[in-house]
Amino acid sequence: MSEKQLPTVYDPQAVEEKWYQYWQEKGYFHAEVNPDKEPFTIVIPPPNITSALHIGHAMDNALQDIIIRQKRMQGYEALWMPGTDHASIATQVKIEEALAAEGLTKYDLGREKFLERAWAWYEKYGGTIINQLKKIGCSCDWERTRFTMDEGCSRAVREAFVKLFNEGLIYRGSYITNWCPGCQTVISDDEVEHEDHDSHIWHLRYPLADGDGFIEVATTRPETMLGDTAVAVHPEDERYQSLLGKEVILPLMDRPIPIIADDYVDTEFGTGAVKITPAHDPNDFAIGLRHDLPHVVVIGKDGKMTAEAGKYAGLDRYEARKAVLADLESGGYLVKTEPHQHAVGHCYRCHSVIEPLVTLQWFVKMEPLAKPAIEAVRRGETRFVPERFARIYYHWMENVHDWCISRQLWWGHRIPVWYCQDCGEVMAAVEEPTSCSKCQSSNLEQDPDVLDTWFSSALWPMSTLGWPDETPELDYFFPTNVLVTGYDIIFFWVSKMIFTSLYFKGQVPFQDVLLHGLIRDAQGRKMSKSLGNGIDPLEVIEHYGADTLRWSLLNGTTLGNDSRYYEEKIEAARNFANKLWNAARFVLMNLGDFQAEEIDIEHNLELADRWILSRVNHVTKEVSHFLDTYNFGEAMRSLYEFIWNEYCDWYIEIAKSRLYGEDEAAQRTAKSVLAYVLEQTLRLLHPFMPFITEEIWQHLPQTGESIMIAPWPIYKEELEDKEAEQAMGMIMEAIKAVRNIRAELGVAPSRRVECHIHAAGEKEQDLLQQVVPYFNKLAGISQLTIGRFGDAKPPKAMSAVVTGAELYLPLSGLIDINQEIKRLQAELETLNKEVLRCEKKLANPGFVNKAPAEIVEKERQKLADWQQKRQRVEARLQELQS
RNA sequence: GGGCGCAUAGCUCAGUUGGGAUGAGCGCUUGCUUCACACGCAAGAGGUCACAGGUUCGAGCCCUGUUGCGCCCACCA
């Protein structure tokens, strides 16, 4: 860098573009198998190619980037594996929407043309997403970028399917499934979103076949009664003992159906008698199996009534409900209608009301997979952060149903199963078979369906590293270290990766799962397209820069908790970046031609130097610790406070007197410490704000290619300087006391005043003498007289008592003795309270005996301190009142 | 019906293993064109840590219960 000075204003656009390109050219993002280094791996949650990234993605990926950048600096072979997800159902829904806008359906195109469209979609959005991630600053290993439908991932999917199939863990069968009439496919239980709807419960009367009265049933879905094939009661329900084995005539359909007994029925609920529709209700389906009941399918896949529904055939299911109810009422079968709330399932992609239908599907048998997955987490092989999410995982795993993996969609991994059209043999194969393994016929047809999109996601940590091949990458980078994702996809993805990885690899896929919350809008509402309250991260980056966006999304947050998006937060982050920029600009302006070799932080140190060096060392410890424990918000707070409140507000101001002074040695020391602390701080800040830190760092006198590969600062216990921290604390307290008096009396900032300061002891006096140059500057003092307790005081003066000293400001013309007395009396009151509190605590034998010695000692110290202050204030009051 | 989270300054939120709430940003008051920064500086105001018990020498933090808000899971029609 020839240009040593920073421009007055930080321009994120130019800087970010420049450095990102530089990093890429240098190959810093790339990780290789390297036996000399310890690996550290993160696989990205592959964003869906459905559309551009939203603000939640920005946060998710900023988190991952923070982790991977720190690990890289710490010397790990850090791999962040990137890629995108084909998102079978979600993408298909989008494409069909686009088609609909053209007045077309997927059938107009046909499967092949439709898939061409889908691939074009991938080309467009897949690229957009990658570019967005780059804008955010993500240091992914782009050379390794993958896609869930690329060749390798597709082969992994087929291998996994065939292995599970051959080992009896995948089966095909007709079961009641969640049919989405909108997407025209089944979806798994996880993909159904339940919502409570205000509806009704209808009591119906079914006449007994023998004409001897009625049985009353209750239902929330009257239209399904057309498909009833039984009425069930509890076997021990005394009310219905005499009816068991009898038949009722199904109203409207005139069909006799039996009254059966089943434990499932709750005698307390409704009438204790349940109409059974095995074809249209999951519970009824189970009862139907137990009692071998026939299925009457009255609702079709289009959500309309079938021919089996008789005169209602062709009606939409909700119109049919109205018609059926009207007919039941006019026939005298409707006993009563009561308001009722009940949960209605909706498709998580198109929001249609799910229709439970019996269809022929492929399933994964979950029980043998779930058990090891539960045990592995119990053993701590994978750790959930925050811990509470492990419970959610356990609960899901312990109650998991078999996983329906086939989808009646076109975009996705085609199920690798072929049916022999001659002998009916069913073959699962990784590569397309040419002939039937049983009858050698070549008349084979592949299953038309595709796999659940989560099937390929489940393999992601393995497939991106080469599985099913035993690649060096898989051996080296797997299991991965950290997975970062939102708590809302524990079921969809996290749990599926865990059991899949354990089954195929015998290892958990990652050690730690970090689960963050959702970003809501300023009112706390979920961001959604319908509300139009979403935020485009790229727009924010354009206005404020990526560092600002990253900082604002994570500052002050905690893992697992939702947060809100505010323009004010963005501005606060921007202000922080600006503060850092200006501090650096100041340092560089004063450094001149100062060289890296000139940096000397061991000799000629003043108190303030020792203090800031101790502080930066302490912050190094804190930030490292907070990152180790995933307390990102706390790490950021620590950096923010150090940079703003200590480095800028105090150290830079203090250093000025030496920078502008004549003493060259002192000037060199100040420059050294300013440069050293800034450089350390930039490295600590780099994972959070990669661009601005690089830009500044490149201007500093140091030797290195990039801050990205500079070593992570290490805490050194020997650099801790408690004495300097305490002494500086005293000095700062005294300066603040002077400023406080000045402000209260309205002393013009430009007016320099005289000050007498009396120290408690020799140590304090010595200390004060050391800091005169900047004490005067920071407190606006013209003449500082340093004495000892008991020395003569200026006759008319404002005064303040601070730790180890008392100070007097003889502000002629501004002093009102009565007001001063009031001030001191108020001060005395607070001091009395503090002294009392300490005394009480120390008088408690329980505290003195049981609390750690360190705490007790601290309390004694405090008491002595308060007592001394109180004594000085009392003495001062006496003087003034006499 | 289960489970979980939240309740701390006017607002939005932190608070790491229990040890004076000098908590942060925004907002508010007062004063400052102080030679890095008005996206700033300085000085302030503002809190019974939801409520009630308990454990402890000591509780915002641990335990029990209550209230309010939010979320997740669940095959009672």
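Atom set for the values below is all heavy atoms of this structure, side chains included, hydrogens, waters and symmetry mates excluded. Proteins get letters first, then strands, A, B, ... in listed order; numbering begins at 1 in each.
Whole-Å rounding puts the A:Leu559 CG to B:A14 P distance at 11 Å. If you measure from atom NE2 of A:His194 to atom P of B:G1, you get 18 Å, rounded to the nearest angstrom. The distance between atom CD of A:Glu268 and atom C1' of B:G1, rounded to the nearest whole Å, is 14 Å. Remark: C1' of B:A38 and CG of A:Asp649 are 15 Å apart, rounded to the nearest angstrom. Atom CG of A:Asn631 and atom C1' of B:C13 are 15 Å apart (whole Å). One atom, CG of A:Leu6, and another, P of B:A36, lie 14 Å apart when rounded to the nearest Å. Counting to the nearest Å, the C1' atom of B:G5 and the CZ atom of A:Phe384 are 17 Å from each other. Regarding A:Gln341, its CD atom lies at a distance of 12 Å from the P atom of B:G1, rounded to whole Å.
In this model, the phosphate group of B:U34 is not approached by any side-chain N or O of A:Lys656 to a distance below 4.0 Å at OP1 or OP2. Remark: A:Thr558 is in phosphate contact with B:G15, judged by side-chain N or O atoms under 4.0 Å from OP1 or OP2. An OP1 or OP2 oxygen of B:C13 is reached within less than 4.0 angstrom by a side-chain nitrogen or oxygen of A:Arg564. Applying the 4.0 Å criterion to OP1 and OP2 of B:C13, one finds that A:Asn555 has every side-chain N and O outside that range. At the phosphate of B:C4, OP1 or OP2 sits under 4.0 Å from a side-chain N or O atom of A:Arg391.
For the pair A:Lys579 and A:Tyr647, the cation does not sit on the ring face, since its NZ or CZ is not both under 6.0 Å from the ring centre and inside 45° of the axis.
At a threshold of 4.0 angstrom between heavy atoms, the contacts of A:Phe576 with the nucleic acid are absent. Residue A:Trp644 is in sugar-phosphate contact alone, with no base atom involved, counting any heavy-atom pair closer than 4.0 Å across all strands shown. Nucleic acid contact class of A:Tyr640 (heavy atoms, under 4.0 Å, all strands): sugar-phosphate only. Counting non-hydrogen atoms under 4.0 angstrom, A:Cys838 reaches nothing in the nucleic acid. Nucleic acid contact for A:Pro845: none, since no nucleic acid atom lies under 4.0 Å from a heavy atom of the residue. In this structure, A:Tyr566 reaches the sugar-phosphate backbone alone: every heavy-atom distance under 4.0 Å involves primed, P, OP1 or OP2 atoms, never a base. When heavy atoms are screened at a 4.0 angstrom cut-off, A:Glu641 is found touching the sugar-phosphate backbone but no base atom. A:Ala572 comes within 4.0 angstrom of the backbone, heavy atoms only, and of no base. Residue contacts for A:Asn590: at a heavy-atom cut-off of 4.0 Å it reaches no nucleic acid atom on any strand shown. Here A:His401 lies in heavy-atom contact (under 4.0 Å) with sugar-phosphate atoms only. When heavy atoms are screened at a 4.0 angstrom cut-off, A:Thr220 is found touching the sugar-phosphate backbone but no base atom.
Non-hydrogen atoms lying under 4.0 Å from RNA chain B are contributed by A:Lys736, A:Arg739, A:Asn740, A:Ala743, all within residues 734-748 of chain A.
Between A:His340 and A:Phe269, the ring planes are perpendicular. Angles over 60° get that label, and only those under 30° would be called parallel. Between A:Phe491 and A:Trp396, the ring planes lie parallel to each other; the angle is under 30°, not in the 30° to 60° tilted range.
The pair A:Asp488-A:Lys526 does not count as a salt bridge, with every side-chain nitrogen at least 4.0 angstrom from each carboxylate oxygen. Under the 4.0 Å criterion applied to side-chain N and carboxylate O atoms, A:Lys869 and A:Glu834 are not assigned as salt-bridge partners. The pair A:Glu854-A:Lys858 does not meet the salt-bridge criterion, since no charged nitrogen lies less than 4.0 angstrom from a carboxylate oxygen. One finds a salt bridge joining A:Glu355 and A:Arg221 here, because a Lys/Arg side-chain nitrogen approaches an Asp/Glu carboxylate oxygen to under 4.0 Å.
Across A:Leu250, A:Thr277, A:Thr219, a single residue satisfies side chain to side chain contact (heavy atoms under 4.5 Å, CB included) together with A:Met225, and that is A:Leu250.
Closest approach to the A:Tyr264 side chain among B:C11, B:A77, B:C37 is made by B:A77 (side chain taken as heavy atoms from C-beta onward). Comparing B:A36, B:G20, B:C72 by their nearest atom to the side chain of A:Phe491 picks out B:C72. The side chain of A:Ala218 sits closest to B:A77 out of B:C35, B:A77, B:U12.
Residue order along RNA chain B, read from the 5' end via each residue's closest nucleotide, puts A:Arg388 first among A:Arg388 and A:Met589.
Applying the 90° cutoff around 0 to the glycosidic angle, B:G20 is assigned syn.
In this structure B:G19 sits in a base pair with B:C57, meeting the Watson-Crick or G-U test at under 3.5 Å. Using the Watson-Crick or G-U wobble rule with both distances under 3.5 Å, B:C6 pairs with B:G68.
One N or O donor and one acceptor, one from the side chain of A:Glu653 and one from the base of B:A36, sit under 3.5 Å apart.
Remark: the backbone N or O of A:Ile692 is paired with a side-chain donor or acceptor of A:Asp547 at under 3.5 angstrom.
Taking atom P on both B:U8 and B:C51, the two are 10 Å apart, rounded to the nearest angstrom.
Annotation: A:Glu653, atom CD; neighbour count of heavy atoms from other residues, nucleotides and ligands within 6.0 Å is above 12.
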